[in-house]
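Worksheet for the structure shown next.
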Amino acid sequence: MSSTACFVIVSRNDSPIYESEVGTAPKKDEAAHLHQFILHASLDIVQDVVWNTNNMFLKLVDKFNDLLVSVYVTAGHTRLMLLHDSRNEDGIKNFFQEVHELYIKMLLNPLYVPGSRITSPFFDTRVRALARKYL
Amino acid sequence: MATPPLPQPAVAKKSPERLIVAIEDVNDLWESIRGNLEARVPFKKASLNNKARNLVLVDKLVVEFVQTTDARLRRGLPGEQSLLSYGFRRPYAWLIVVTCDDLDEYKNLLKPRLKTIVQAEDHEWFIVFVSKATTDSAVKISKRVYSRIEGDFSSKKRERCCKVDLHGPDTSVWEEIELKIVECIRYSLDRRVQYYEEEVRKLSENRFMPAWNFCNFFTVKESLAFMFEMANLREDALREYDELEQIYSETVNAPHANTSAFGGLDAGDDCAALLDGTRKPVSQFAADGTVREFDFRQYLFSRQASLLFNLLRPAEVSGRGHSFIILFAKILTQHEKDLPFCMREIWVITACLALVKATSRRFSAAIVTPDTVKDFYRLQGDLYSYARTKLMRLADLIGYGHNIETSPCNSAALSMLPWPRPAVWPALPPDISRVQAKEQISPPKLSEGLGRLRKQLSLSPTVLLREANRRRASLSVGNLAEMLDLSRLSLKESPAADAADSAPAPLPPSTLPDEPISGAHSSSPEVLQKQNSIEPPMKLPEVQAAAEHALLTSISDETLRMALSSVEGFEDFFLELTRAAADNFHRSWRKRHGVVLDGEVAAVHYRRGALDAAAKLYEKVCALYGSEGWHALLVQVLPRLSECQKKLSDWAGYLSSCIKLLSLDPGPISNEDRSSIQAEIVKLAHGGLPVPVSLDVSTLITFAARGGPPLELCEGDPGTLMVTVWSGFPDDIIMDSLSLTLVTTFTADEGTKVVKSVDAPVLQPGKNRVLMTLPPQKPGSYVLGVLTGHIGQVKLRSHTYCTTSAASSKGGPPDSDDYLSNEKPLRTVLEVAKPRALVEIKPAITKGLLFGEPQWVGLIVRPLNYSLEGARVHISTGPNLQFLSDQTALLEVSKPLLAEANAPSSTDIDGMKTFHNMLENGDSLNTDDNVNGILDYDTDMPQHLLMKDGSVELPDWARMVASVLWVQVKADSDDTLCSHFSGDPHLSSPPPSPKKVPLMSPDSQIKGLTTASSANGPHATADSLHESLQHGTTGQGHVLPNGSLVSRFGMKTLKVKMEFGVSRSRLYERTIALQFTHPFRISTRIVSRGNDGRFLLQITLNSQLAAAVTIQSANLLLQPGFAHVNNHEGHPTPAWLLPLSVSASSECALLFAIRSDPVTAKDGDSDHRSGSGAGHQRQVSCLNIHYKVSGNHEAGVQAPVTDSVANSESYLKFSSSFHLKMPVLEQLVAVGMLPVPSQCPRVGQQVVFQWRVERLKEGWAASQQQESTEKTFLPRAHSDQGSEDLYYELKANEEYWMIAGRRKGFISLPQSVGSRIVLSMACVPLVAGHVHPPALRLVNIGRAHVSRSPAGPHLVCILPPAPCSALCIRKII
């Protein structure tokens, strides 16, 4: 079964620092920025939701027709956002937690400036592996 | 209570219901009290029990008083109507109005009647007794009657009576009546609620029975709700409806639910009635025995909405309405095939608009919390945008799709929105002109210029074509097969369309709608025709025309029909919806949603040519995406903005948009596009711009200074600054000029300086190095400010200053994350030091240089942390200092030893350290090509430098270390200049004139010097020599120093001028004093050895040098009149004494035995009188010493400079002349002062001083002095036989003494030994105190021949003048 999923890490100043299409559905050119568009718009909702809960995992915050947006907010207000069409909430939660760990490792890298784009291929590979595992 | 019969169809009465209070008007008194009662309606403080049996205060309880004779009540009598459907409308209280003024009448008539009334029905009643009595007796009777009534009808539990006195003053009775009524209502309500609840419970239990009918349940439930509503318990009413809705949903969605008609087929059903509960009679539901879902759900929602509106909760209506519309749209999708064409879209649009209109009219932001306000506006925005999406779908369907912007927003919305799937696609209208009109709509032109960067998104109606053709009534089987094949191809790409899964699929799943396969351009008619060439289906224009026709005929909503009937109408309506949605989103703080929709508004403006408005809105969108760094989204909007700006001739904006496009991630834009954008910028810059434009290119061009410590410059020095510039332009870009501002830190005044690049640079993509010329700067620290480049009319500014090395290594623009950028310390790139000494030149040796010999003079050139690169030292000499302007100088590193002697050593060591550090680390300066020069340098060997015209250039290695420059100088002895000096015997004499002639022939270099020296040499001094001899007689032969004349002590000056710094702009000048000296200082002493005329001559040699001197030989040439005793060539007496080594600053003495030689003395006299120079020379004795200096110039002591071939056998010659005189052996005359006669002379009082002159030796005292006094013009002494005239003179200070008598004159002294004479002189002291007394001098007798022992008193005490007696007397008086 093909699934659509787009994973974006948004830094605390709202700019995307990592993007990847982790879905198994074949890629379409225009879909990428449609996904980005949806994720960007849902930042509005995240900013409302994030103060209403103590959890880092905000669960579903938005949906666009059948596409759902799940968000995980780190303590530094970096947002891990996933656009997906599956409803596997546990898997998404695990995915977020592991990516959060990866992201922290990324932050520990002294050569990585927090808030800049993540260009590490290692990070990308790991995220994709996690996506295959959990989503 | 009787069991209610089966519910009958109820006639719904939608007018607001009120609680009814029945009036049983027994005695026709109602009209008299009616006014008073109705004035109290609505009841203010009614307390009722809600469903949970809690007392609730109801504010405004509206009741209606109805007489029992009224027809409305008649109808509601038991038995006639259902209790269930009408029970809640029956009166809640019965008011029995009676009067009676006769006790018997009461007993007989009224009481039975009241009993009948009270017991007739099970209702809450109470009796109002109206007293019309005016007289006392009547009052009494009525009281009695009332008390009877009370006794009969009231119980202890409950008061059921009250009395109204029509003519009484008491008005509180009305309040009592009100309370009674409310009490009745409460009891009734409780009972009825209980009853209804029981019914509801019973019905609910049977819900799953097959015979269960929802209508019954609905009737009961709604009755309960009505009752609550009538009692103002709206919360409870709302809850009832909620439960009803829930149970309804369960019923409908139950698996075995019998599918009844959905409804929605009536005329006007496409217009949503979700707020209008009255459009269809609900009684109809029950009449048919079935409930039509379409109508019923809307009815339920309208009831809930009206309750919520009454509860002043419009925001909740909005929220519920939003989810209701979404839910209902899904339901409509399920039943789409049964519904009219596009019913769902139209319903959603009308529903959203109706809901928005109703809620916003009732909404007031003042009475709710801010969060609610935000939420409300968000919902409004959602509703608007939902309606907008559906409108777009409709517009797309009927061929207005080209008028919809293909933005991500619209594409995202539409791509996931299913096309309408009616059972049968509408047929073509008979009017062909519509089809033709559709055919004439041209596909949208591909945007030109930057617009091509925008991706063409999916808004294509390809799928529509398939859908339409498949659902045509005349579709053949063969065509269906074709369609299946076609759509199967694209099945894999299909995202799940909304609600498609849950739809009861009437078609095979393979026919689900898909995305277009061929992407953007498949919508062009050619492609479509190609696709459809296999069958003769409807063409796209036909489909659109058919849809339009169907829609326009079916739509009942006037607004929507207007909007869909023309493109303009559609655009207007679309714009209105979009704008409203955007406004609401902005109000709800959803700026991203709002801004995106602003972009859509802008698109409409753009299409309509309102470019100004469009550009303004697009700027907002771009600002949002740009600031948040969503480049993929920005690239969709930015080209459009740039087009607007271009068309508006907003060149600054256009160019900055181009710059922004270039600075985006390279992904979305191809390289060719980037190059063409750059070409466009350059083309515009070089022509076509009316005014100069300043652009901020911070995102595209970044710059940084070189790493490492800041460049350090001294004040006033120019320099060059290396700046690294990263260019994000795709190609090389040629700048006309490039300049950079330097900002001083810590100073507020005129902070910035502009520096320009060396040449007009060509910035290549990526990293570039640019050299900036720095003019002389003021002292301070500078950081980089703004980089500005000029291309034609365009000024490019960049403020982005990279600091992180990570970013610079990547070469990309720095990250603007505020983790770092806020507190990022500015790195200083340039330090300009305050004015200070940059170099110091000191002499290495200042004293102990030999006169007349070529000597090394060392100049320590110490750079004070400043490069002396290219420095030139220019040396000139002061008077009497010989200096060969073209010579070979030596340069060597200043050694710490040397430095210790002359300067604080630490600085030099530091200097050496820095020097070595420099060797190790390379160069701290910004030019590093001189390092090789340093490495070649050998610190042990001095370097030979050729000096031209007194100037020499320092080599490169010496630019940072202290070095010593050795130059040769030769000083002339300047004793000749002062040889005519001493005429006054009181003054001290200069030292004996030494004459130095090198024993060795001077080397070729200093030949010129020696000639000069020899020219001065022969002028020996003769005048003062006798003084030395005189001292010699007393045994004291010291030479007294005199510091008043520098030149006399060998002080010479050397002027040093140094040009250094960049282009030798700096000048250092110093005059260095050098002290030249002779090797020895000579003093003589002559002592008589006995009476045989032999003397011992002791010549003391004081070494003046800091080094050991070895005296090889000494030779004394005596003047005429003296001869050596032993005639052995004038060597000192112990011959073994020589050679003698004299260590530094020590003293040695040579002894010579001499005797007077009258023979030679006469020769000398005659020679002297002949006046020849040689004879004159012979008047003095001459000591010649051959010596050698051991030590070198670096230690401060030196032998004369010779050739490199050192000759150890070369000796220096020192010769010193002095004049010897026969020592005085006897004194001729003694002069003594007699004691002062009076004890203490007073001022003004004459004192007689007496001197006694006594001859000690027979003979002529004065004649001894003839030679020496011939120059003085004394009167010749007249000497008689036996006596001699001595010239005397009395010397006294004229300020102290006034002398009477002959001050000067002759005294005659007999020649015999012991002859004496006393000289008296009267003197008057002028001042009080101790003063020197006058002194007597014998002028024509040499001092040495006069004995002054005992000497007179040194001081005489002078008393002040005697006090004036007159003054005393006056004082006494």
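A, B, ... follow the sequence lines: proteins, then strands. Residue 1 opens every chain.
Shortest non-hydrogen contact noted between Trp589(B) and Gln47(A) is O-NE2, 3.3 Å. Taking both residues in full, the closest heavy atoms of Gly629(B) and Pro16(A) are given as O-CD, 3.3 Å, listed atom of the first, atom of the second, then distance. Of all non-hydrogen atoms in Asp48(A) and Arg590(B), the two that sit nearest each other are OD2-NH2, 3.5 Å.
Of the atoms belonging to Leu624(B), it is side-chain heavy atoms, and not backbone ones, that fall under 4.5 Å from chain A. With a 4.5 Å cut-off on non-hydrogen atoms, Ile45(A) touches chain B through its backbone and its side chain both. Of the atoms belonging to Tyr625(B), it is side-chain heavy atoms, and not backbone ones, that fall under 4.5 Å from chain A. Of the atoms belonging to Lys591(B), heavy atoms from both backbone and side chain fall under 4.5 Å from chain A.
Residues satisfying the salt bridge (Lys or Arg N to Asp or Glu O under 4.0 Å) criterion with Arg378(B), sequence neighbours excluded, are Asp375(B), Asp382(B). Residues passing the ring pair (Phe, Tyr, Trp, His ring centres under 6.0 Å) test with Phe123(A) are Tyr18(A), sequence neighbours excluded.
A 6.0 Å sphere centred on CZ of Arg587(B) holds more than 12 heavy atoms belonging to other residues, nucleotides or ligands.
Atom NE2 of His631(B) is separated from atom CZ of Arg117(A) by 7.0 Å, given to the nearest 0.5 angstrom.
Applying a 4.5 Å heavy-atom cutoff, none of the residues of residues 93-102 of chain A approach chain B. Within residues 592-601 of chain B, the residues having any heavy atom less than 4.5 Å from a heavy atom of chain A are, in residue-number order, Arg592(B), His593(B), Val596(B).
Results of the side-chain contact (heavy atoms from CB on, under 4.5 Å) test with Glu628(B) over Asn13(A), Val10(A), Asp14(A) single out Asp14(A) as the only residue that passes.
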